[in-house]
Amino acid sequence: MAEYRYDPQEIEPRWQRVWEDEQTWVVPDGPPTDADAYVLEMLPYPSGEPHVGHLKNYTIGDAVAHFKRRNGHRVLHPMGYDAFGLPAENNAIKTGQHPRVATEAAIASFQEQFRRWGVSIDWTRELGTHTPEYYRWTQWIFLRFFERGLAYRKEAAVNWDPVEETVLANEQVIDGRGERSGALVEVRQLTQWFFRITDYAEQLLDELDTIDWPGHVKTQQRNWIGRSQGAEVAFRCDDLDTEYTVFTTRPDTLFGATFFVMAPEHPDVLKLAEGTEQQAQVEEYVRQAITHDARERGDASREKTGVYLGRSVTNPVNGEQLPMFVADYVLMDYGTGAIMAVPGHDDRDFAFAEKYDLPVKQVIADPNLAEGEETALPYVGDGVLINSAPQFDGLPKAEALDAITKWLDTEGKGHATVNYRLRDWLLSRQRYWGCPIPIIHCDACGAVPVPDDQLPVKLPDVTDYKPKGKSPLAAAEDWVNVACPSCGKPAKRETDTMDTFVDSSWYFLRYTDSQNDQAPFSREAVDRWMPVDQYIGGVEHAILHLLYARFFTKALADLDLISAREPFKALFTQGMITKDGAKMSKSKGNVVSPRVMVEKYGADTLRTYVLFMGPPDQDADWSDEGVDGMSKFIARLWRLSAEAADTLPAGELPAEPNADGLRLLRKTHWAIDKITGDLGERFSFNTAIAAVMELLNELSAAKRGDAEPAVVRFALSMANSLLYPFSPHSTTDAYALLNGGTRLWEETWPTAEAKYLEADEIELVCQVMGKVRGRVTAPADADDAELERLARSEPNVATHLDGKSVVKVIVVQGKLVNFVVR
RNA sequence: GCGGCGGUGGCGGAAUGGUAGACGCAGCGGACUCAAAAUCCGCCGGUGGUGACACCGUGGGGGUUCGAGUCCCCCCCGCCGUACCA
């Protein structure tokens with residue numbers, strides 16, 4: 001008997017060459033068709049070589065792309081690199097080598113691996129965000145935003161990372177530390193560039209309802225945007241003849257306000273204290289507060305501190321004078337930077353009132369209070385208004401809230417409003433390896449956009465990449481000094497670069513027309529493919545990238561450059577692959593190298609293994625033994641196929657197969673049905689692969705029986721066909737062997753035949769009082785009475801029914817009979 | 001604190017309210033072999049029993065139901081996100 005040896009190192013490159021030579025995965029340009037589908041995985045940041053997380057990401061995407069193609073779709077499945085960024089730059093600082101060198105070496109390694117993995121990518125659309133051909137259009141989009149006021153410059157208290165020596169967006173500050181450096185972030189007053197993402201807060205929130213994303217990602221975005229319904233209320237300060245507005249979600253507790261607090265950064269704090277006895281104390285407090293470590297200050301469990309301002313404001317609802325304080329528990333960048341303090345009904349205000357011995361007033365009654373008990377303040381629950389004003393007392397909270405807001409409005413002292421937690425996106429970075437901001441600063445004309453025909457503003461070469469509190473670009477004097485495009489006088493280029501999240505906020509649009517040198521994309525191409533039908537990536541981008549990309553899409557739609565208002569119709573977030581329960585890292589020495597694994601086992605084994613590990617949206621722990629097992633399975637399927645192709649005569653499927661043949665046919669169609677559902681309706685890859693394993697086990701059994709050769713060949717063909725989205729090379733090879741060279745990737749996805757999905761006999765589960773007491777085979781078409789009769793005749797069931805009276809019989813067709821006895 | 005996700009054999013994990021543990025890994029036994037590897041076959045939640053079987057078993061406690069891993073209430077543990085957001 002001939003030896004059939006599965007050799008992935010021979011099979012995989014052979015088929016990859018065919019796909020490469022024939023440009024199999026290239027989707028042509030042209031008018032839209034109903035079959036168009038856009039499948040996209042988040043683009044990688046090229047550093048070193050790809051890790052197993054990349055393997056999982058692109059394997060999921062590839063499985064989806066293959067499945068869609070074989071179901072008649074024309075699939076856009078491109079690849080690119082998010083190539084600007086700090087790691088390459090930090091490496092450059094260390095080595096003196098241009099960041100481009102390390103970046104392009106990494107890109108080459110990624111390209112090589114993706115090809116080795118056999119990912120079905122349309123390489124003609126490849127892009128790198130660091131190339132002038134790409135960032136020219138990043139700059140172009142920036143200028144369109146600038147024209148619309150969506151990109152603007154302002155001085156603001158910003159997050160300064162002292163290690164990276166750059167500012168960071170709020171989204172990049174984790175626990176008060178820089179996302180990458182881990183350094184405690186300082187607050188600095190600097191003039192910076194921002195995108196007006198807050199203009200889109202409401203849309204970003206509302207239109208979450210229109211997309212098919214995991215609930216937890218939507219929730220994270222909702223929380224980040226942080227919509228609060230409430231009211232703005234004006235408090236008059238007679239001493240300075242001015243008004244201070246506060247934002248509150250609880251206008252119903254206005255009558256309970258007993259003091260007033262401002263943030264240390266509030267511009268009027270020092271002015272208010274000026275000339276009072278408190279002046280020196282206030283100045284000292286503010287000085288300390290604003291230089292305080294941001295994280296420690298943000299700690300809610302810290303004891304409240306503050307200083308009396310020596311002034312008071314008038315409560316608009318009852319004319320009471322409320323003493324004013326400055327305290328660092330009030331934040332300048334939320335609401336108006338000033339609050340009305342209601343210690344009776346707010347934990348924080350209560351803590352402050354306790355410490356400084358301020359009055360506490362109850363204005364909401366606790367409805368669940370037992371007779372004779374006193375309300376424990378602060379009381380934050382619902383209830384009915386008390387101690388307020390005759391027209392409001394007795395109203396439940398929600399009604400009182402509306403009534404008081406309405407009253408404020410008619411009195412001109414306030415109005416209902418919505419407040420968002422989301423802040424504008426700080427996009428400028430004082431770093432080298434990023435997209436230059438296409439602006440020229442002129443003493444006479446201000447910030448002048450670089451004319452479109454002068455784009456791209458190319459990143460100049462410098463010798464020293466080390467930031468010194470300003471961008472390294474500032475050292476490139478020949479580049480910095482230019483004539484003002486507006487008045488022609490000497491002017492200077494903006495030396496900050498853009499946050500790399502800007503680059504990745506529109507790359508998915510560029511893929512639709514990536515070679516276009518007249519525009520970022522043509523309207524026809526972008527509207528043909530957008531939105532992305534299925535986006536796949538890590539959960540860690542739940543707020544950053546995914547929120548920014550949504551903002552860009554909406555802004556570009558408002559600029560009438562694209563039609564889609566949401567970039568990603570459906571999103572799938574994959575779980576992490578860990579090793580020994582821990583995140584892989586070089587320092588822990590627990591990194592699994594896909595390159596080494598692929599060299600040992602072949603790509604098919606690795607790809608199939610990472611999807612078999614468990615549900616792909618959950619974290620999974622790597623197991624070398626598991627890979628071994630997968631390797632055996634892939635080899636076994638190929639080997640059985642190759643052997644059958646050689647030894648079993650081909651022929652038509654028998655119209656009436658024998659018992660073994662019928663069993664195998666049924667299993668085959670069961671697998672088709674199961675896997676089609678697992679792939680089409682859920683991302684249940686692990687159970688789909690398990691179903692092919694079951695089919696293969698049935699095939700092994702059939703080998704010992706006498707199923708017709710044609711049935712065995714058919715079942716083997718189907719097993720390969722169904723495994724193809726995961727293991728494209730081995731299955732393509734085996735399928736070609738079994739079917740006279742037929743190309744599996746050109747084959748339509750199989751359809752399960754209903755007649756083979758139904759058996760003519762079922763296994764009937766017999767229960768007594770809900771406990772399984774036996775099983776009998778029953779005709780599939782038996783009626784309830786017949787099933788009951790069969791169940792009763794099962795010996796063990798009879799034993800349990802003996803001496804009891806049956807009060808009820810539950811029959812579930814095709815499944816079970818349950819006797820309820822007494 | 002708040003929000004989300006999760007807790008099932010030795011392990012990874014399966015289970016439209018209807019046979020808990022599919023499939024795989026590990027382990028055990030067998031075939032082939034001089035031997036090993038590879039391959040193939042079988043067993044594999046716990047306790048008791050020669051066995052037929054019986055009882056227990058999906059983090060804990062209650063409940064709904066003929067029937068609960070699945071639905072409801074309370075609690076415990078783990079992970080992730082977020083946090084003085086007025």
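Proteins get letters first, then strands, A, B, ... in listed order; numbering begins at 1 in each. Atoms considered below: every heavy atom in the structure, side chains included; atoms not considered: hydrogens, waters and symmetry mates.
In this structure, I675(A) atom CD1 and rA22(B) atom C1' are separated by 13 Å, rounded to whole Å. Residue Y244(A) contributes atom OH, which lies 19 Å from atom C1' of rA86(B) at whole-angstrom precision. For the pair E232(A) CD and rA86(B) P, the interatomic distance rounds to 14 Å; values are reported in whole Å. Rounded to whole angstrom, the span from the CZ atom of F247(A) across to the P atom of rC84(B) amounts to 16 Å. Going from atom CD of Q221(A) over to atom P of rU82(B) covers 13 Å, rounded to whole Å. For the pair D333(A) CG and rC84(B) P, the interatomic distance rounds to 10 Å; values are reported in whole Å. Summarising the geometry, the separation between NZ on K583(A) and P on rC80(B) is reported as 10 Å, rounded to the nearest angstrom.
Of the residues listed (F325(A), F260(A), Y244(A)), the one engaging H266(A) in a ring pair (Phe, Tyr, Trp, His ring centres under 6.0 Å) is Y244(A), and it is the only one. For the ring pair (Phe, Tyr, Trp, His ring centres under 6.0 Å) criterion with Y609(A), the lone passing option out of W622(A), Y601(A), F726(A), F633(A) is W622(A).
For rG9(B), the base adopts the syn conformation, since its glycosidic angle falls within 90 degrees of zero.
Closest approach to the P615(A) side chain among rG4(B), rG13(B), rU39(B) is made by rG13(B) (side chain taken as heavy atoms from C-beta onward). The side chain of T249(A) lies closest to rA86(B) when the candidates are rA86(B), rC66(B), rU82(B). Among rG24(B), rC56(B), rA83(B), the nucleotide with an atom closest to any side-chain atom of W224(A) is rA83(B). Nearest nucleotide to the side chain of I543(A), out of rA86(B), rU82(B), rC84(B): rU82(B).
The ring pair (Phe, Tyr, Trp, His ring centres under 6.0 Å) test applied to F612(A) returns no partner, not counting sequence neighbours. Listed by chain and number, the residues in a salt bridge (charged side-chain N to carboxylate O under 4.0 Å, His left out) with D673(A) amount to none (sequence neighbours excluded). Residues forming a salt bridge (charged side-chain N to carboxylate O under 4.0 Å, His left out) with K355(A) (at least two apart in sequence, or on another chain): E303(A).
Annotation: proximity of residues 693-706 of chain A to RNA chain B (heavy atom, distance under 4.0 Å) is found for M693(A), E694(A), N697(A), S700(A), R704(A), numbered in ascending order. Of the residues in residues 626-633 of chain A, those placing a heavy atom less than 4.0 Å from an atom of RNA chain B are G629(A), K632(A), in numerical order.
The salt bridge (Lys or Arg N to Asp or Glu O under 4.0 Å) contacts involving residues 341-350 of chain A comprise D346(A)-R348(A), where partners must be two or more places apart or lie in separate chains. Legend: salt bridge (Lys or Arg N to Asp or Glu O under 4.0 Å) pairs involving residues 694-706 of chain A, not counting sequence neighbours, sorted by first then second residue: E643(A)-K703(A), K667(A)-E694(A). Screening residues 606-628 of chain A for salt bridge (Lys or Arg N to Asp or Glu O under 4.0 Å) gives D62(A)-R607(A) as the qualifying pairs, with residues at least two apart or on separate chains. For residues 327-338 of chain A, the set of pairs meeting the salt bridge (Lys or Arg N to Asp or Glu O under 4.0 Å) definition, not counting sequence neighbours, comprises R302(A)-D328(A), D333(A)-R423(A).
Atom C1' of rG13(B) sits at a distance of 10 Å from the matching atom of rA22(B), rounded to the whole Å. Distance noted for atom P between rG59(B) and rC44(B): 24 Å (whole Å). Remark: the separation of the C1' atoms in rG4(B) and rG9(B) is 29 Å, to the nearest Å. Spacing between rC72(B) and rG17(B) at atom P, rounded to whole Å, works out to 12 Å. When the P atom is compared between rC2(B) and rC75(B), the two are found 11 Å apart, to the nearest whole Å. Distance check on atom P: rU70(B) versus rU8(B) gives 14 Å, rounded to whole Å. Here, rG7(B) and rC53(B) have their C1' atoms 33 Å apart, quoted to the whole Å. When the P atom is used for both rC32(B) and rG27(B), the distance is 23 Å, rounded to whole Å.
The shortest side-chain heavy-atom distance between M340(A) and L254(A) falls under the 4.5 Å cut-off. Taking the side chain as every heavy atom from C-beta outward, S700(A) and L640(A) approach each other to under 4.5 Å.
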task: Using a 4.0 Å cut-off on protein heavy atoms (strictly under), produce a 5'-to-3' string for nucleotides 47-53 of chain B with B for base contact, S for backbone-only sugar-phosphate contact, and - for none.
output: ------S
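A distance of 7.5 Å separates CG in L722(A) from CG in L695(A), rounded to the nearest 0.5 Å. Atom OG1 of residue T731(A) and atom CG of residue L723(A) lie 6.0 Å apart, to the nearest 0.5 angstrom. Going from atom CG of L696(A) over to atom CE of M693(A) covers 9.0 Å, rounded to the nearest 0.5 Å. Distance check, rounded to the nearest 0.5 Å: CG of L790(A) to CZ of R792(A) gives 12.0 Å.
Residue-level contact check: N686(A) touches the backbone only, with heavy atoms under 4.0 Å from sugar-phosphate atoms and none from bases. At a threshold of 4.0 angstrom between heavy atoms, the contacts of T219(A) are confined to the sugar-phosphate backbone, with no base atom among them. Y420(A) comes within 4.0 angstrom of nothing in the nucleic acid, heavy atoms only. Across all strands, V539(A) comes closer than 4.0 Å to no nucleic acid atom at all (heavy-atom distances).
In this structure, the side chain of H345(A) engages the main chain of I364(A) through a donor-acceptor pair within 3.5 Å.
Within the structure, a side-chain polar atom (N or O) of R636(A) is placed less than 4.0 Å from OP1 or OP2 of rC40(B).
Between D252(A) and K397(A) there is no salt bridge, since none of the side-chain N atoms of the basic residue sits less than 4.0 Å from a carboxylate O of the acidic one.
For D424(A) and T198(A), the side-chain atoms include at least one donor-acceptor pair closer than 3.5 Å. Residues Y6(A) and S631(A) bring no donor and acceptor atom of their side chains to less than 3.5 Å of each other.
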Under 3.5 Å, N/O pairs linking protein and nucleotides 15-20 of chain B:
residue, atom, partner, partner atom, Å
rG18(B), N2, Q767(A), OE1, 3.4
rU19(B), O2, R775(A), NE, 2.5
rU19(B), O2, R775(A), NH2, 2.8
rU19(B), N3, E763(A), OE1, 3.2
rU19(B), O4, E763(A), OE1, 3.3

field: Secondary-structure notation, RNA chain B, from Watson-Crick and G-U pairs under 3.5 angstrom (| other strand)
entry: (((((((..(((.....[....))).(((((.......))))).((((....))))..(((((..]....))))))))))))....
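Mapped onto RNA chain B by nearest heavy atom, L331(A) and H216(A) fall at different nucleotides, with H216(A) at the one closer to the 5' end. The 5' end of RNA chain B is approached more closely, in terms of each residue's nearest nucleotide, by A690(A) than by the other of M769(A) and A690(A).
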